[in-house]
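All values reported here derive from a predicted model rather than from experimental measurement.
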Amino acid sequence: MTGSSSADSVATELLNEVVELTREAGRLTLRWFNDHELAVHRKNDGSPVTDADKAAEAFLRENLTKRFPDDAVIGEEFPEEEGTSGRTWIIDPIDGTRSFVRGVPLYTTLLAMIDQDGPAIGVAAVPGLDEAVWAGRGLGCYHNGRRCQVSSQAELSRSYLCASGFEWWPDGAFDRVRQTGARMRTWGDGYGYVLVATGRTEAMIDPGLNVWDIAPMLVIVPEAGGQVSQWNGTDTPSAGDWLATNGNFHEELRSLLQNE
């Protein structure tokens, strides 16, 4: 997926409203950030969850339901709420909870909206750094209110690649990518996509995602001029292994990850 969709643009007023909601939810998490007495619980899949995750998602759900009562809502921490409008909001209150509980400020609060025409709104707030990146279909991508775009770097060997970690990569993929000469970093989770969209890194490699991890990026990265897809080439909002790039070597990198 690259560039803007041919579908209708979203309303600027709606995008601005959603950006402020997401940033406010992110600021709410700061009440618990660097709290040495923060209680960390384990979900059924073993991943961590805190009161901050639940509070931020509850805040977004309450406000979205109040403003858009006919819309569906999907989130990481609470059951899905069905809707009748054809629009769905997707919430990840803290993408990077492991970073959050260790006091690392590179976690993000994510919100996306998908309508009948596909991904329409994406917001990634970085409350620990007071940053945010957002995009609306047909409206471009913005970083703290200023238009932003992906890097123009065309050589993979001179690029910076991000990943949330390397332990989940399939056998051989790490070595194939490393041999390109690209510089590999672990500025991970949602923040890696923020760096791609703002031109500060060229790619984010992210296996094993849930839909709430990737949904906002399906708007943010294309509206910034980049490309985002699963490693198998599809770009429908779903769980899977994802790749976002500035678009200049997307297929080359995707092939290396799959050993095609």
Side-chain angles (χ1 to χ4, degrees), residues 4-5 8-33 50-78 81 83 85 87-97 100 105-115 117-149 189-191 193-198 211-224 237:
S4 298
S5 168
D8 290 341
S9 300
V10 300
T12 301
E13 295 78 8
L14 175 61
L15 177 60
N16 291 339
E17 181 180 6
V18 171
V19 169
E20 185 49 42
L21 272 180
T22 309
R23 299 197 78 166
E24 191 170 347
R27 289 190 289 268
L28 182 61
T29 68
L30 294 174
R31 299 180 187 178
W32 290 269
F33 187 56
T50 70
D51 289 344
D53 296 80
K54 294 180 178 181
E57 182 166 329
F59 170 84
L60 285 171
R61 282 178 176 269
E62 178 183 354
N63 281 276
L64 290 170
T65 300
K66 184 185 304 181
R67 289 167 168 78
F68 316 110
D70 297 325
D71 293 1
V73 181
I74 296 173
E76 182 173 8
E77 308 304 342
F78 297 102
E81 298 175 21
S85 68
R87 300 199 312 185
T88 300
W89 298 92
I90 303 177
I91 303 167
D92 191 343
I94 297 181
D95 185 41
T97 301
F100 178 82
L106 304 184
Y107 69 94
T108 52
T109 297
L110 305 180
L111 181 62
M113 190 268 280
I114 296 174
D115 62 16
D117 295 318
I121 288 175
V123 187
V126 194
L129 302 180
D130 194 25
E131 283 189 57
V133 167
W134 60 87
R137 186 176 59 221
L139 299 179
C141 188
Y142 294 84
H143 175 227
N144 286 357
R146 299 182 65 178
R147 191 75 178 258
C148 64
Q149 62 185 22
D189 302 307
Y191 192 61
Y193 297 91
V194 168
L195 293 178
V196 173
T198 54
V211 66
W212 44 76
D213 300 310
I214 192 62
M217 314 314 170
L218 301 182
V219 188
I220 288 171
V221 175
E223 289 291 333

**Student:** Would you please test D8 and R137 for salt bridge (Lys or Arg N to Asp or Glu O under 4.0 Å) and show each step?
**Tutor:** CA-CA 8 Å; D8 290 341; R137 186 176 59 221; over 6 Å; no

**Student:** Using side-chain contact (heavy atoms from CB on, under 4.5 Å) as the criterion, list what pairs up with L129, not counting sequence neighbours.
**Tutor:**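 Scan of L129 (side-chain contact (heavy atoms from CB on, under 4.5 Å), adjacent residues dropped) gives P105, L106, V126, E131, Y191.
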
**Student:** Just verifying a value: how many Å separate E76 CD and D95 CG, rounded to the nearest 0.5 Å?
**Tutor:** 7.5 Å

**Student:** Provide the closest heavy-atom pair for L139 versus S9 in the form atom of the first, atom of the second, distance.
**Tutor:** CD2-CB, 4.4 Å

**Student:** What are the two closest heavy atoms between C148 and A197, and how far apart are they?
**Tutor:**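 Looks like SG-O, 3.6 Å.
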
**Student:** Can you list the residues that meet the ring-ring contact (aromatic ring centres under 6.0 Å, His included) rule with Y193, with sequence neighbours excluded?
**Tutor:**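 Result, ring-ring contact (aromatic ring centres under 6.0 Å, His included) vs Y193: none returned.
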
**Student:** If you count heavy atoms of other groups shown closer than 6.0 angstrom to CG of N16, is the number above 12?
**Tutor:**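 Result for CG/N16: enclosed.
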
**Student:** Provide the closest heavy-atom pair for G75 versus W212 in the form atom of the first, atom of the second, distance.
**Tutor:** O-CZ3, 3.8 Å

**Student:** Please report the closest heavy-atom contact between F100 and A52, naming both atoms and the distance.
**Tutor:**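 That would be CZ-CB, 3.6 Å.
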
**Student:** Which atom pairs, donor and acceptor, lie under 3.5 Å between side-chain atoms of residues 87-94 and protein residues at least two apart or in another chain?
**Tutor:**
from	atom 1	to	atom 2	distance (Å)
R87	NE	D71	OD2	3.0
R87	NH2	D71	OD2	3.0
W89	NE1	D71	OD2	2.9

**Student:** Check the orientation of W134 and Y142. Use parallel for under 30°, tilted for 30 to 60°, and perpendicular for over 60°.
**Tutor:**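 Rings of W134 and Y142: parallel, under 30°.
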
**Student:** Any idea which heavy atoms bring A55 and L28 closest together, and the distance?
**Tutor:** O-CD2, 3.6 Å

**Student:** Using the side-chain hydrogen bond (donor to acceptor under 3.5 Å, both in side chains) criterion, which residues pair with T65? Sequence neighbours excluded.
**Tutor:** E81

**Student:** Could you check R147 against E223 for salt bridge (Lys or Arg N to Asp or Glu O under 4.0 Å), going step by step and ending with a plain yes or no?
**Tutor:** CA-CA 10 Å; R147 191 75 178 258; E223 289 291 333; 5.3 Å; no

**Student:** If you compare all heavy atoms of G190 against all heavy atoms of T108, which two are closest, and at what distance to 0.1 Å?
**Tutor:**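 Between these two residues, the closest heavy atoms are CA-OG1, 3.5 Å.
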
**Student:** Return the set of residues passing side-chain hydrogen bond (donor to acceptor under 3.5 Å, both in side chains) with N63 (not counting sequence neighbours), or none when no residue passes.
**Tutor:** R67

**Student:** Donor-acceptor check, side chain of T22 to backbone of A125, threshold 3.5 angstrom: yes or no?
**Tutor:**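 No, because the side chain of T22 does not come within donor-acceptor range (under 3.5 Å) of the backbone of A125.
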
**Student:** How many angstroms lie between CD in E24 and OG1 in T109, if you round to the nearest 0.5 Å?
**Tutor:**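 It is 11.5 Å, given to the nearest 0.5 Å.
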
**Student:** With sequence neighbours excluded, tell me which residues meet side-chain hydrogen bond (donor to acceptor under 3.5 Å, both in side chains) with D53.
**Tutor:** T50, T97

**Student:** State, with a plain yes or no, whether a side-chain heavy atom of V219 is found less than 4.5 Å away from one of I121.
**Tutor:**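 They are not in side-chain contact.
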
**Student:** Working to the nearest 0.5 angstrom, can you tell me the gap between I220 CD1 and H143 NE2?
**Tutor:** 11.0 Å

**Student:** Could you check if a side-chain atom of M217 sits within less than 4.5 angstrom of a side-chain atom of L110, using non-hydrogen atoms only?
**Tutor:** yes

